[in-house]
Amino acid sequence: MKALVYVGLKPGVLDPQGRTIARSLNDLGFGEVESALQGKVIELDLTGDDLTAAEARVVEMCEKLLANTVIENYRIEMRAE
Amino acid sequence: MKALVYVGLKPGVLDPQGRTIARSLNDLGFGEVESALQGKVIELDLTGDDLTAAEARVVEMCEKLLANTVIENYRIEMRAE
Amino acid sequence: MARKQSEITPEIVAEHGLSVSEYEIVLDRLGREPNLTELGIFSVMWSEHCSYKSSRRHLGKFLTTGDRVIQGPGENAGVIDIDDGDAIIFKMESHNHPSFIEPYQGAATGVGGIMRDVFTMGARPIALLNALRFGEPDHPKTRTLVSGVVAGIGGYGNCVGVPTVGGETNFHKGYNGNILVNAMCVGLARADNVFYSAAKGVGNPIFYVGSKTGRDGIHGATMASAEFDDDSDEKRPTVQVGDPFTEKLLIEACLELMATDAIIAIQDMGAAGLTSSSIEMADKGGVGIELNLDKVPQREPNMTAYEMMLSESQERMLMVIKPGKEQLAFDVFEKWELDVAQIGKTTDTGHLVLKHHKKKVCDIPISPLADDAPNYDRPHTKTAPRPVLNAADIHETQDYNDALMRIISSPNIASKRWIWEQYDRHVMTDTVDSSQSGGDAAIVRIHGTNKAVAITTDCTPRYVEADPYEGGKQCVAETWRNLTCVGADPIAITDCLNFGNPERPEIMGQLVGAIEGMNEACHTFDYPVVSGNVSLYNETNGQAIPPTPAVGGVGLIPDLHKFATLSGAKSGDTLILIGE
Amino acid sequence: MQTAVIRFPASNCDRDAAVALEKLTGRKPLIIWHRETELPAGVGFVVMPGGFSYGDYLRSGAIASRSPIVQDIKAKSERGLAVAGFCNGFQILTEAGMLPGALMRNKNLKFVCRPEKLTVTHSNSKFTSKYEAKSEVVFPVAHHDGNYFADKETVGRLEKEGRVLFRYTDNPNGSVNDIAGIVNEGGNVFGMMPHPERAIDPLHGGTDGIDLFKSILETL
Ligand SMILES: Nc1ncnc2c1ncn2[C@@H]1O[C@H](COP(=O)(O)OP(=O)(O)O)[C@@H](O)[C@H]1O
């Protein structure tokens with residue numbers, strides 16, 4: 001099983017990385033870029049095969065470690081493969 | 001339009017971050033985590049409405065800035081909204 | 001050993017960088033054809049990088065002894081005595097090519113590698129310096145290279161927690177296609193607790209410690225050979241990624257184990273990791289080595305013996321442990337959360353024997369690998385002297401303000417603050433003077449004492465280009481002056497000789513000239529070379545870099561009540577010019 | 001007074017902190033490994049040192065903040081134990097929820113190392129009592145993730161309650177309101193990005209940091 005955990009900044013939190021990316025893309029001639037946000041994807045390989053149970057555990061992992069909920073949101077995607 | 005760009009290390013490239021994350025999840029009692037990989041997601045807000053043309057430009061952005069193609073792969077997802 | 005007669009074709013030999021005559025020697029010493037793993041091992045041991053085959057006979061001319069020299073060239077780094085039982089261990093090394101390909105990781109792993117050379121010998125790294133040469137500022141690649149290299153050096157050194165206290169940065173079109181990234185590390189040890197690489201004794205356990213082995217940095221030949229590529233859809237990157245976190249743990253763990261008497265010999269796995277480290281340890285100790293590759297911690301599935309032996313994965317060490325101390329070693333490394341495994345033992349066979357999946361995959365005598373390495377006397381032509389400029393032919397400027405503005409705005413003269421502000425210069429709280437003051441040498445206190453070492457790196461390539469002998473002298477003399485300027489007694493140097501293709505007589509002439517000039521300065525000042533590194537083939541499309549023998553000097557300030565710095569001048573002070 | 005410095009994998013200012021504490025208390029601090037589960041009895045002041053615990057992987061300070069010893073320190077701090085975190089230590093304290101807010105990547109995305117001028121906002125705290133209010137001090141900074149962020153409401157509270165103790169005069173990292181150092185509600189847990197422990201020696205970084213240590217040590 002795999003879990004994909006997407007972690008991004010909450011709306012309203014200034015994203016210096018995203019801003020710099022947007023600006024550098026503009027500088028490189030990509031004027032169509034209005035803004036950019038940078039987030040993380042963490043791909044976990046998990047033992048077991050109960051997707052629902054595993055997802056509940058991944059939520060726990062996010063709350064305990066993977067996301068800093070003061071500034072970040074997360075979203076989980078489970079895959080059977 | 002939005003473009004989601006996923007950037008991750010090529011297979012075989014050392015991912016110290018992923019390794020450290022997996023180990024600390026194990027320490028926190030999540031023994032089911034066998035391994036972790038950490039990647040980036042960059043979300044771009046783009047002007048215009050021609051998805052195909054825009055995607056070609058995003059490929060260019062990846063090659064020029066967003067991904068370090070010596071060690072990273074990327075994948076693009078376009079969204080109309 | 002089962003092998004097909006046709007396994008090693010001339011093409012495969014050539015892909016491994018061995019000449020026809022070099023391969024003849026391999027056949028002669030083995031008395032048979034090598035298998036691919038064995039060929040790979042010969043090829044890396046006899047590479048320019050490991051064997052110094054073009055420079056060895058010339059390096060042999062250097063003054064390498066002196067009152068304060070505890071260990072000269074030949075070990076991982078040089079060791080000098082700074083009184084009171086303290087020793088300084090230092091070396092400089094290049095990571096030019098990898099930094100051009102991937103500036104951040106190339107520079108970062110360069111810093112990691114030079115630190116391992118130093119702590120391998122029992123020293124806690126206390127200072128880092130870096131000598132950088134880039135192409136013209138407006139060359140399209142320069143900006144990315146500079147920012148990547150600087151971020152990589154900082155990223156690694158800052159994380160490990162060793163202050164980066166100085167360096168130099170030049171820009172010149174001669175480096176457009178070949179930048180130079182030379183990193184120097186200085187460490188502090190007790191003189192009676194220095195560790196060497198000779199694997200003495202038979203039957204002693206060999207430990208592998210650090211990161212797992214992956215397929216990093218395995219070069220060309222494997223790529224071409226489908227047999228070694230499981231998933232050929234993905235061309236394997238040859239770039240290594242640095243992990244400063246693991247390096248920091250390695251330093252602490254090694255120093256902790258070194259404080260006990262558990263280690264007989266230790267060697268870091270640098271270029272050609274497991275191959276050169278095991279062979280150097282065995283050769284120096286006059287023993288054989290047997291490794292069971294199944295025990296090697298592996299990051300990827302299905303690695304072959306060839307791949308494991310040639311992998312350049314970073315942050316790995318090999319050591320010979322005293323029998324009976326195995327558990328102690330395991331405990332220390334496990335406490336620091338490092339991968340550790342006992343992968344073999346020393347033997348009395350004088351051979352390197354490798355086992356993999358219960359089969360013997362390599363059995364070669366060690367002495368030819370080390371002793372019979374090629375040692376060329378490459379033809380060299382002396383650089384034609386350039387006419388001396390006649391001062392009278394140079395017109396006086398009409399506008400001194402303009403001249404001054406042009407000088408201070410030149411990238412080579414302008415402040416390098418943008419660079420060194422990204423380096424933690426203060427961690428360890430013993431930095432007395434660093435890049436920040438712009439002084440001629442950095443000053444780092446010996447922890448808990450009132451003495452310090454002064455450290456500098458210098459080289460002026462255009463002098464060396466004009467006259468390698470005089471330029472070589474000048475590089476050494478400049479470090480001497482810079483150390484003296486801060487109030488230190490210069491003790492010894494390390495160097496990094498960056499040149500073009502040595503198979504071209506004019507390039508070889510630059511190398512020989514520079515070495516001889518440097519050596520004259522060393523003799524004049526009684527200022528020996530205790531370690532160094534050679535980086536050749538720095539050229540693109542037949543265009544070589546300017547000859548760049550970077551020199552790193554170390555001196556002692558016995559009493560920190562007496563040293564000089566640039567800061568502190570007040571208006572109204574008297575300026576005095578000394579010298580011609 | 002017995003003090004302690006917590007050592008995480010890849011802490012690198014643990015020695016710096018220990019030297020400062022020994023110099024100012026005359027007694028060697030205990031060096032406590034992160035896997036310990038309990039702070040030894042009698043420890044009155046704990047320093048979370050700077051460095052790159054766990055390589056700063058995932059987020060600076062995140063993994064270290066989940067280690068066993070931090071849970072014990074957190075519990076004891078709720079009962080008044082004095083704790084200070086410098087640089088990575090500050091990041092660990094915010095990640096552990098012992099101080100509000102978070103430290104994000106510097107605004108210009110670069111590591112910055114330089115002596116930094118700070119204003120001591122007031123001297124009515126356990127960590128600043130030896131300074132004159134509004135005085136200027138110089139501490140070195142050396143960080144990549146020092147950009148202090150908290151939501152408006154939190155920042156408002158910090159300001160109103162006088163919990164911002166140090167402010168940058170020339171903001172090096174984009175921190176909101178130029179915040180360099182803050183305390184918790186109880187006034188006993190303090191964190192700052194600059195390094196006072198690197199400012200206790202005239203040969204290295206000046207001596208402006210001494211009064212910070214003296215302030216807190218005096219209360220114990
Ligand atoms: N790459 C670098 N890393 C660290 N410090 C550097 C680097 N390049 C230059 N410096 C520092 O900047 C200061 C000025 O350097 P430089 O312009 O070479 O002057 P000088 O030739 O007088 O030494 C020196 O203190 C030097 O250590």
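Letters A, B, ... are given to chains in the order of the sequence lines, protein chains preceding strands, and every chain is numbered from 1.
- Annotation: Glu136(D), atom CD; neighbour count of heavy atoms from other residues, nucleotides and ligands within 6.0 Å is above 12.
- Enclosure of atom NZ in Lys110(D) by more than 12 non-hydrogen atoms of other residues, nucleotides or ligands within 6.0 angstrom is indicated.
- A ring-centre distance under 6.0 Å is found for Tyr54(D) and Phe245(C).
- Contact count versus chain C (heavy atoms, under 4.5 Å) is highest, among Pro115(D), Gly51(D), Ala199(D), for Pro115(D).
- Residues of residues 11-29 of chain D lying under 4.5 angstrom from chain C, judged on non-hydrogen atoms, are Ser11(D), Asn12(D), Cys13(D), Arg15(D), Asp16(D), Val19(D) in numerical order.
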Side-chain donor-acceptor distances from residues 153-162 of chain C under 3.5 Å, at least two apart:
{"from": "Tyr156(C)", "atom 1": "OH", "to": "Glu247(C)", "atom 2": "OE1", "distance (Å)": "3.1"}
{"from": "Tyr156(C)", "atom 1": "OH", "to": "Glu315(C)", "atom 2": "OE2", "distance (Å)": "2.5"}
{"from": "Asn158(C)", "atom 1": "OD1", "to": "Asp424(C)", "atom 2": "N", "distance (Å)": "2.8"}
{"from": "Asn158(C)", "atom 1": "ND2", "to": "Gly154(C)", "atom 2": "O", "distance (Å)": "3.0"}
{"from": "Asn158(C)", "atom 1": "ND2", "to": "Gln422(C)", "atom 2": "O", "distance (Å)": "3.1"}

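- Ranked by heavy-atom pairs shorter than 4.5 Å toward chain C, the options Arg114(D), His144(D), His143(D), His195(D) are led by Arg114(D).
- With sequence neighbours left out, Leu255(C) forms a side-chain contact (heavy atoms from CB on, under 4.5 Å) with Arg124(C), Ile251(C), Met258(C).
- Most heavy-atom pairs under 4.5 Å with chain D: of the set Val150(C), Leu249(C), Asp243(C), Thr246(C), this distinction falls to Asp243(C).
- Contacts of residues 200-207 of chain D with chain C at a heavy-atom distance below 4.5 Å involve Asp201(D), Leu203(D), His204(D), listed in sequence order.
- Here His426(C) is the residue among Lys335(C), His426(C), Arg425(C) with the most heavy-atom pairs under 4.5 Å with chain D.
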